[in-house]
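Below: one structure, written as C-alpha cells.
One-based numbering, in listed order, for ligands and for the atoms of each. Everything numeric in this text was worked out from a predicted model, so none of it was measured.
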Amino acid sequence: MTVSSAPGKVYLFGEHAVVYGEPAVPCAIERRATVTVEAREDDHIRVEAQDLSLDGFTVEYADGTDHRPDVDVPAGLVDAAVGYVDAAVEQAREAAGAPSAGFDITVESEIPLGAGLGSSAAVVVAGIDAATRELGEPLDRTELADRAYRAEYDVQEGQASRADTFCSTMGGAVRVEGDDCRRIDAPNLPFVVGFDGGAGDTGELVAGVRQLRDEYDFAADTVENIGDIVRAGESRLAAADPSADPDEELLAELGRLMDFDHGLLEALGVSSRTLDNMVWAAREAGAHGAKLTGAGGGGCIVALDETPETSTALRYTAECHDVFRAELDREGVRAEGATDGAASDKRGTGGEVT
Ligand code: MEV
C-alpha cells in the first residue's frame, strides 16, 4: 500500500488568461488531497472517495467508464472524481510500462471539489505519485508534473493549462506561462479563503471565455490585460524579501492588482453573485484586495488580510459557507508512510517543465 498527498492552490493572479499563454501565479496552500493505492491481482480499478461528497462512494470497474455500477450520489460528481482518477491511473500505467495494472484506490480530500482550489490537480498529482511508487517506478517531480498535466488535459478535453498541476506538484508560489513553469520566491501572504459551498464547471467556464475572446477584440484585450496585471504583480513579488513578513506597501499593491484582476474576470463572465458578494464583504472589511480563484462560476474567493477582520466579515456573510486562513504550502507532493522509500531519493526540489 502506498500513500501520497498533494496540496490545493489559490490563484494570486492569472486564471483563465493562462489558458491563452499569458502568465499566471498560483500559490499552493496547506489543504491536501491524499490518495492511497494498493496493487491488485487483476486489472480492475476500485475507487473509494471519502470526502468528495457528503456520504462518499465506492465504484469498481474493469473496462472503462461506461460500465460503472450505479451509485447513490450525483452522476456528475462520480464522473468528475472518477474521470480524474482514471486519467491518473492511465498515466501511471504508461509511466511504469504496466498497461493492465489494477488498483484499489482511496481518495480523501480536504479540498472542496470544483471550488477553485485545485482539487482535481491535487488528486491527479497524488494519484500518479502513489500509483507509480506502488509499481516500483517512482517519477521525479518534473515528469510527475508533466504527466499530471496530460491527465488534466485529457479530462478537460484540451482546455487546461499547466498551472494547477505544476503548482500542486512543486508547492510554493509558481509562475506558469505556456510550457515555461518555475517556482518563484514569495513571502507567506496572509490569504483568507471564502467558500460559497458551490462549484463551477471548469470546462464550460473556459469555453465561455474562449467564445467571448473569439467574438470580441475587447475580450481578447481583457485576457491580455490580465497578463499585464500578472507581470506587474510578479515584479512586486520579486522585489520583496521572501523570508520576511510582507510589508503594508507590498500588500496594498498586490491587493489593488487582485481587485483589478477580479474586475476583468467578472467582465469575462466567470464570476457569480455569491463570489461578488464575498469579494465585496472582504473589501468592506478592510482586505487589501479580493478576487475569485480558479475557474469561477461559484466556489471560492481569496482575499489578502493579515488581521482577523475579513474572516469575521465573511463568517457573517450569508453567501459564505466556510472561511479559513490558507498558509502557503512550500512542500508540494509528498509521500505519506511510503513503503518503497525510493520516491524521495529520485526527486529534485523543483524546476522547469518544457
Ligand atoms: C482552473 O483552476 C484554472 C483555469 O485557468 C483553467 C486552467 O488553467 O487550466 C480556469
Rounded to the nearest 0.5 Å, the CZ atom of Arg315 sits from the OG1 atom of Thr310 at a distance of 11.0 Å

With heavy atoms and a 4.0 Å threshold, my read on which part of Leu205 contacts ligand 1 is neither

If you scan protein heavy atoms around atom 3 (C) of ligand 1, the nearest is Tyr11 OH, 3.6 Å

Numbered in order shown, the ligand 1 atoms found under 4.0 Å of a heavy atom of Val18 are 5 (O), 8 (O)

- [ ] Verify the distance criterion only: is there a donor paired with an acceptor across the side chains of Glu253 and His288 at less than 3.5 Å?
- [x] no

For Ala160, the ligand 1 atoms with a heavy-atom partner under 4.0 Å come out as 9 (O)

Closest to atom 5 (O) of ligand 1 among protein heavy atoms sits His16 N, 2.9 Å

Short version for Arg162: what comes under 4.0 Å of ligand 1, heavy atoms counted, is neither

For Leu292 and His262, the nearest pair of non-hydrogen atoms, with its separation, is N-ND1, 3.1 Å

Kindly confirm or rule out a cation-pi arrangement of Arg93 over Phe103, judged by NZ or CZ under 6.0 Å from the six-membered ring centre and within 45° of its axis? no

From the list Val193, Val323, Asp305, side chain to side chain contact (heavy atoms under 4.5 Å, CB included) with Ser311 holds only for Val323

Query raised in the report: Is there a heavy atom of Lys9 sitting under 4.0 angstrom from any atom of ligand 1?
Result: yes

The residue among Asp261, Thr293, Asp164 that forms side chain to side chain donor-acceptor pair (under 3.5 Å) with Tyr11 is Asp164

Heavy-atom nearest pair, Val223 first then Ala17, reads O-CB, 3.6 Å

The option among Ser161, Gly116, Gly14 carrying the non-hydrogen atom nearest to atom 9 (O) of ligand 1 is Ser161

Worksheet entry | ligand 1 to Asp164 polar contact by distance, N or O atoms, under 3.5 Å | yes

So the atoms of ligand 1 within less than 4.0 Å of a heavy atom of Glu15 turn out to be 5 (O)

In this structure, atom 6 (C) of ligand 1 is nearest to the protein heavy atom Val19 CG2, 3.8 Å

Quiz item: Between Thr202 and ligand 1, does any nitrogen or oxygen pair lie at a separation below 3.5 Å?
Solution: no

- Task: Would you indicate whether the side-chain heavy atoms of Arg325 and Pro190 approach each other to under 4.5 Å?
- Result: yes

